[in-house]
There are 4 protein chains.
Amino acid sequence: MTKNECSFILDAVRTKDEEKKAALFEATVKTVNEMGFASASVSKITKEAGVSPATLYIYHKNKEELLVSTYITIEKNMSRALLEKFNADMPLRDILENVWVAMSDYFIKYQPYTRFAEQFANSPYKTLVNKEMVMHYYAPIIDVLQQGIDQKIIKNVDFDIIIAFICYPLLALSNPGLCSDFEPTAENIKSAFALAWDAIKL
Amino acid sequence: MTKNECSFILDAVRTKDEEKKAALFEATVKTVNEMGFASASVSKITKEAGVSPATLYIYHKNKEELLVSTYITIEKNMSRALLEKFNADMPLRDILENVWVAMSDYFIKYQPYTRFAEQFANSPYKTLVNKEMVMHYYAPIIDVLQQGIDQKIIKNVDFDIIIAFICYPLLALSNPGLCSDFEPTAENIKSAFALAWDAIKL
Amino acid sequence: MTKNECSFILDAVRTKDEEKKAALFEATVKTVNEMGFASASVSKITKEAGVSPATLYIYHKNKEELLVSTYITIEKNMSRALLEKFNADMPLRDILENVWVAMSDYFIKYQPYTRFAEQFANSPYKTLVNKEMVMHYYAPIIDVLQQGIDQKIIKNVDFDIIIAFICYPLLALSNPGLCSDFEPTAENIKSAFALAWDAIKL
Amino acid sequence: MTKNECSFILDAVRTKDEEKKAALFEATVKTVNEMGFASASVSKITKEAGVSPATLYIYHKNKEELLVSTYITIEKNMSRALLEKFNADMPLRDILENVWVAMSDYFIKYQPYTRFAEQFANSPYKTLVNKEMVMHYYAPIIDVLQQGIDQKIIKNVDFDIIIAFICYPLLALSNPGLCSDFEPTAENIKSAFALAWDAIKL
DNA sequence: GATGAATGAGCCTTCATTCAT
DNA sequence: GATGAATGAAGGCTCATTCAT
């Protein structure tokens, strides 16, 4: 049998591996969201993923690494989603509005990922992740904001302040546990952006 | 022996009680901040507090109730701090700026409490707390914002949006893990408030 | 109730503790002898001792410390037994014969302790025990041998050689797994000592 | 393809087999010596040997059989080494001195094998090995000792006693963990033999 | 009120072994 | 023959909680 003849088998095998890894990722997010880090044990996560506890250790060094890699995967995933439709050839307000809408879309579409990331980022696990590396994923957006400051379109204040008004209000609004009344319709998302823009624009 | 005769003893006992309860509170905050909910065990918390594990159960029904009551204590504590200097007899911008500065003062002075509250609020434990009850602590501030909307000083958008721009940017800026570059000087705090005001003002 | 009146209760409590510690000691010896270090798990040892696995950790830091302390206890116990009847006011041959008989008595009476000690001493665990400290238990016997050398009653060879002929043949003979044919009658023990004496005497 | 045509291949394969088997043997000895039976897992042994855990099961039925066969291999190896230079055409004392020196040479040259064998022989694994079979390897030496008894050159005591004075002192002296001070120079080895001979000679 | 001792249940991880390739 | 992936079972240890004192 030539390599070609059995390629479908190889595919099957490779697919299965990726499936297990993906199942562990999803199970980690789901379990941690449902019961928090305090109760999300390896046995519960692997049961949710449909694999043996021992199998986890083929894909991850230990539980900590599983949690960290789950977080990093989400951060990568989200930055990719934001940058996919990113287009810098527009007025700054429009660029940022598009980013704002893309963020909101992501937060809604991937609610569980977002909740996990929030829980992780507000726990001591966060110290295990290199902050610069994560920020690097969002470089184009950061660049465009810096240009806005240089061109005197955006207020010339500490950069963290700009970020704080661009990211966190929307994060809060997308969190049903915090803002249960806010309905994330396209209209509401846009009217929320108006506030963000007013905040940062010069 | 009458109640009077031993009142000084009761006082002594009562004092001791409060001391132990306070020690448990502080130990809970410290331990959870240092190692997260996943590792903050009863034995570690009580060791940090300098009491026996059994003693915890005199003051709290169980571990969950300890965590919840710790969170509620912090919320009460913070709302009291905010409202202490609250004065509604001023222009709305000044009122809110004072609240903003008071919040910042609290976040800085009680960093550990704030970190604990954030960690708690972003975990499933949060569902154990009645949200309305907590919001009620901040009623005067909410009232003043609602009046601002009614008087067309503040944008007439979903109330959650207003909150999102008043609370979360400052919370993010006060989190050294998120905004390590931001220095919370009086000046920086005030320039950050300028953005918040621009965001919500009509 | 005065302290005197309830002393029996305190005794009861203290006794119980010692009982648990003793039960763990015996269970460790028995379990390791029956199935070796490879299979003597904490759960099997504690089941044999009639206590919860968690209870072990009240009395010992961890499994390793349990094994080491069990070995040291045996070594202390044996040296005490040897020195109990030790009497240096006799001709050297008689002194050593008495020690030889006492050793043999101990090996037979406390077969399980001896087997455990042998298994331990021939494993890497042995490196965790301070050799000098253990040798110190047997100081009087060592002294008498050294005097024998000085007085030219015993051959003037490397001290380890003397020890090797005084201890290890008897240890081997007392090991049913090695010398199943040897019957440890008083007569056989004495005739074995004749060889040891001929070996070391000048 | 006939057997002849591919014999060179078979040779290659056979060589490879023997290499893997030998690697497993060495890895077993090394790993058990370093961490004892309690920690010497299949995965650690096979990692040390540079093969997959699954490969172990091609050469051995299971872990127990690996350990037993490792022990038997060592016994065979040692008896072969002792008998290689064995020559019965000499006075008994010289015969035994040669055996003594050969034993010592082996213990030193193959320290790790000796340590493994000691650890094994002092563990319950020993019961899995037929003692007579092992003793049979050393038959010529045993015969010569028996003749010594019959010819009234050696003391007429229980045979186990003779063995105990011929084997165990030297085993102890060759164990650095027991006799760290003893230096196994040719001279020291010979002076130790003098004691053994004095012990058994009539 | 306060505690050290005690525990069954569960923790994270590794075990010895098998199987598809 | 050789292997990496997979696993149920078990490893050592800590958990949250109770109880006798």
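Only this structure's heavy atoms are used, side chains among them; waters, hydrogens and symmetry mates stay out. Just so it is clear: chains get the letters A, B, ... in the order the sequence lines come, proteins before strands, and each one is counted from 1.
- K21(B) places no side-chain N or O within 3.5 Å of a backbone atom of Y59(B) that could act as its donor or acceptor partner.
- Residue order along DNA chain F, read from the 5' end via each residue's closest nucleotide, puts E64(C) first among N62(B) and E64(C).
- For the pair K47(D) NZ and dT3(F) P, the interatomic distance rounds to 14 Å; values are reported in whole Å.
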Protein-nucleotides 9-11 of chain E N/O pairs closer than 3.5 Å?
from, atom 1, to, atom 2, distance (Å)
dC11(E), OP1, S41(A), OG, 3.0

Tabulate below the donor-acceptor pairs under 3.5 Å that side-chain atoms of residues 29-37 of chain B make, not counting sequence neighbours, or state none.
from, atom 1, to, atom 2, distance (Å)
K30(B), NZ, E48(B), OE2, 3.2
T31(B), OG1, A27(B), O, 2.6
N33(B), OD1, F116(B), N, 3.3
N33(B), ND2, V29(B), O, 3.4
N33(B), ND2, P112(B), O, 2.9

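- Here E65(D) pairs with H60(D) under the side chain to side chain donor-acceptor pair (under 3.5 Å) rule; sequence neighbours left out.
- For the pair D17(A) CG and dT7(F) C1', the interatomic distance rounds to 15 Å; values are reported in whole Å.
- K20(A) has a side-chain polar atom (N or O) that falls below the 4.0 Å cut-off from OP1 or OP2 of dA6(F).
- Closest contact between the side chain of Y57(A) and the listed nucleotides dA6(F), dC12(E), dA2(E) involves dC12(E).
- Scanning for salt bridge (charged side-chain N to carboxylate O under 4.0 Å, His left out) contacts around E118(C) gives an empty result, with sequence neighbours left out.
- For P53(C), the side chain to side chain contact (heavy atoms under 4.5 Å, CB included) partners two or more places apart in sequence, or in a different chain, are V42(C), T46(C).
- Atoms CZ (F37(B)) and P (dA16(F)) sit 13 Å apart, rounded to a whole Å.
- A residue-by-residue look at V51(A) and A40(B) shows that V51(A) has its nearest nucleotide of DNA chain F further toward the 5' end.
- Each of L56(A) and I58(B) was assigned the nucleotide of DNA chain E with the nearest heavy atom; the assignment lying further toward the 5' end belongs to I58(B).
- In this structure, Y59(B) reaches the dA2(E) phosphate: one of its side-chain N or O atoms is under 4.0 Å from OP1 or OP2.
- Side-chain N or O atoms of T55(A) include none that pairs as donor or acceptor with a backbone N or O of V51(A) at under 3.5 Å.
- A straight line from CD1 of I45(D) to P of dT17(E) spans 11 Å, rounded to a whole angstrom.
- In this structure, the CG atom of L24(A) is 14 Å from the P atom of dA5(F), given to the nearest Å.
- As rounded to whole Å, 15 Å separates atom C1' of dC12(E) from atom NE2 of H60(A).
- In this structure, M35(B) places its CE atom 12 Å from C1' of dC15(F), rounding to the nearest Å.
- Taken together, the paired segments of DNA chain E that extend over three or more consecutive Watson-Crick or G-U pairs, each closer than 3.5 Å at both contacts, are E:2-21 with F:2-21.
- Y113(B) meets the ring pair (Phe, Tyr, Trp, His ring centres under 6.0 Å) test with F25(B), Y110(B); sequence neighbours excluded.
- With sequence neighbours excluded, no residue satisfies side chain to side chain contact (heavy atoms under 4.5 Å, CB included) with K47(C).
- Annotation: side chain to side chain contact (heavy atoms under 4.5 Å, CB included) contacts of S43(D) (sequence neighbours excluded): S41(D).
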